Amino acid sequence: MIRARELHPWPSTAAEAVAIQERLRPLVRFDGEPAEVRTAAGLDVAYRDDSGRLVAAVTVVDVATLSVVDSAIVRGETDFPYVPGLFAFREAPSLLRALAELSVVPDVLVCDGQGLAHPRRFGLACHLGVLTDLPSIGVGKTAMGRYEPPGEARGAWSPLRMDDEVVGRALRTQRGVKPVFVSVGHRFTLDGACDLVLRLAPKYRLPETTRTADHLGRTAG
DNA sequence: GCGACAG
DNA sequence: ATCTTGTCGC
């Protein structure tokens, strides 16, 4: 089963959260990408009310067939507010609980948000990757950095930059749609991440991992 | 001081 | 994230 390393307590203030990100940032590894990715997990959180109650949903998708082979949902509560740059402290605790309930250990976590494309290079995908020590990537619907529009063809991409540094890619998964923003989380390469996202998104803008997890969370009580 | 700012 | 009509396209 998936068990998170207890590398830090969950903070209640922004200052503590930033300090944790800076302390964990060096633990991100760039080697150890799986030779073959057979299953990929999609992670998403849906908010029911306005009171912090949430539903964390995880699906495991067979990359070859794009069918869902395992899933888990967990109801939870969040105390941490949404603050750009501190997104993980709002959603990661519930997502880790959901991951612990899976019976299949996926080859990679496909996170709904950024990995290295983050102000301190430690977005949600890096955070979940480091705590679980599983390979992970981030696929965001909007970007934090700067980029030039990629070509129109499916598969076209352009570098995503922050502070003069390439932190990910704007990747066109379908012709005529806005690109998605791919970045490395843990134990993965940017080339491999984009290749995987394209395989997971043969028909729609977002990868099937994100779509199935989103749908599961949204239709759960 | 002003704008920007994952979900 | 979430609140929402009509509309375009497969």
Side-chain angles (χ1 to χ4, degrees), chain A residues 10 14-15 17-18 20-21 24-25 28 41-59 73-96 98 109-130 136-147 152 154 159-171 173-186 190 193 197 201-207 209-221:
Chain A
W10 291 100
V18 169
I20 289 169
Q21 289 180 329
L24 264 53
R25 167 68 183 83
V28 171
L43 301 80
D44 190 44
V45 172
Y47 297 86
R48 301 280 302 164
D49 332 288
D50 43 56
S51 57
R53 296 202 306 160
L54 53 79
V55 178
V58 181
T59 55
I73 63 171
V74 58
R75 292 192 126 294
E77 192 117 356
T78 300
D79 38 15
F80 210 93
Y82 168 68
V83 179
L86 301 179
F87 186 47
F89 297 94
R90 182 171 173 75
E91 299 201 337
S94 299
L95 289 172
L96 289 169
L109 307 179
V110 179
C111 303
D112 191 5
Q114 316 298 331
L116 293 177
H118 175 277
R120 288 168 292 281
R121 309 296 183 270
F122 198 73
L124 175 66
C126 299
H127 208 134
L128 289 175
V130 165
S136 67
I137 67 172
V139 182
K141 294 183 281 294
T142 62
M144 293 187 100
R146 294 159 42 84
Y147 67 99
E152 293 300 317
R154 164 175 152 82
L160 175 65
R161 293 189 174 82
M162 292 183 77
D163 310 316
D164 281 330
E165 179 181 351
V166 175
V167 295
R169 287 178 191 166
L171 176 66
T173 54
Q174 297 296 324
R175 181 163 210 118
V177 302
K178 195 179 125 176
V180 297
F181 304 92
V182 180
S183 59
V184 167
H186 186 57
L190 189 50
V197 169
K203 188 172 168 60
Y204 301 106
R205 177 187 177 228
L206 296 177
T209 38
T210 302
R211 289 170 46 80
T212 53
D214 181 82
H215 182 269
L216 179 62
R218 191 169 310 193
T219 59

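Note that this is a predicted model, so its numbers are computed, not measured. Letters A, B, ... mirror the listed sequences (proteins, then strands); counts begin at 1.
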*Is A:R53 reaching over with its side chain to a backbone N or O of A:G76, donor-acceptor style, under 3.5 angstrom?*
no
*What's the CG-C1' distance between A:L43 and B:dA6, to the nearest Å?*
15 Å
*For DNA chain C, which nucleotides open and close the run of contacts to chain A, 5' to 3', at under 4.0 angstrom from a non-hydrogen atom?*
C:dA1 to C:dT2
*A:Y47 and A:E91 side chains, donor-acceptor separation under 3.5 Å*: yes
*May I ask you to decide if A:T173's main-chain N or O and A:R154's side chain share a donor-acceptor pair within less than 3.5 Å?*
yes
*asked:* What's A:L124 touching, base or sugar-phosphate or nothing? Going by heavy atoms closer than 4.0 Å.
replied: base
*Just how far, in rounded Å, is C1' of B:dG7 from NE2 of A:H127?*
16 Å
*For A:H127, enumerate each residue passing the ring-ring contact (aromatic ring centres under 6.0 Å, His included) test, keeping only those at least two apart in sequence or located in another chain.*
A:H8, A:W10, A:F89, A:F122
_Can you measure A:D163 atom CG to B:dC5 atom P for me and round it to whole angstrom units?_
13 Å
*Can you measure from CD (A:Q174) to CD (A:E152) and round to the nearest 0.5 angstrom?*
12.5 Å
_Below the 4.0 Å mark, does B:dC5 have OP1 or OP2 next to a side-chain nitrogen or oxygen of A:T142?_
no
*asked:* Classify A:G138 by what it touches in the nucleic acid, base, sugar-phosphate, or nothing, heavy-atom distance under 4.0 Å.
replied: nothing
*Could you tell me the separation between the OG atom of A:S94 and the CG atom of A:L54, rounded to the nearest 0.5 Å?*
4.5 Å
*With heavy atoms under 4.0 Å as the rule, sort A:Y47 into base, sugar-phosphate or nothing.*
sugar-phosphate
*asked:* Please report the distance, rounded to the nearest Å, between NE2 in A:H118 and P in B:dA6.
replied: 10 Å
*About how many Å separate CD1 of A:I137 and NE2 of A:H186, when rounded to the nearest 0.5 Å?*
14.0 Å
*Under 3.5 Å: donor-acceptor pair, side chain of A:T209, backbone of A:G42*: no
*What is the nucleic acid contact for A:L86, judged by heavy atoms within less than 4.0 Å: base, sugar-phosphate only, or nothing?*
base
*For A:Q114 and B:dG7, give me the distance from atom CD to atom P, rounded to whole Å.*
6 Å
*Considering residues at least two apart in sequence or located in another chain, which fulfil the salt bridge (charged side-chain N to carboxylate O under 4.0 Å, His left out) criterion with A:R146?*
none
*A:L160 and A:R169, any side-chain heavy atoms less than 4.5 Å apart*: no
*Report the distance from atom OH of A:Y147 to atom P of B:dA6, rounded to the nearest whole Å.*
12 Å
*asked:* Can you give me the dot-bracket string for DNA chain B, 5' to 3', counting Watson-Crick and G-U wobble pairs with both distances under 3.5 Å, using [ ] for crossing pairs and | for partners on another strand?
replied: .......
*Not counting sequence neighbours, list each pair that qualifies as a salt bridge (charged side-chain N to carboxylate O under 4.0 Å, His left out) and has a residue in residues 111-128 of chain A.*
A:D112-A:K141, A:R121-A:D163, A:R121-A:E165
*A:G123 near the nucleic acid: base, sugar-phosphate alone, or nothing, with a heavy-atom cut-off under 4.0 Å?*
base
*When the distance from NZ of A:K141 to P of B:dG7 is rounded to whole Å, what number comes out?*
5 Å
_Atom-to-atom span, CG of A:L109 to C1' of B:dA6 - whole angstrom_ = 17 Å
_Rounded at 0.5 Å granularity, tell me how far CG in A:L95 sits from CG in A:L124._
6.5 Å
*Paired and unpaired positions of DNA chain C as dot-bracket, Watson-Crick or G-U wobble under 3.5 Å, | denoting a partner strand*: ..........
_Pick the closest DNA chain C nucleotide for A:K203 and for A:V45 by heavy atoms, then say which residue is nearer the 5' end._
A:V45
*Classify the nucleic acid contact of A:A46 as base, sugar-phosphate or nothing, counting any heavy atom under 4.0 Å across all strands shown.*
sugar-phosphate
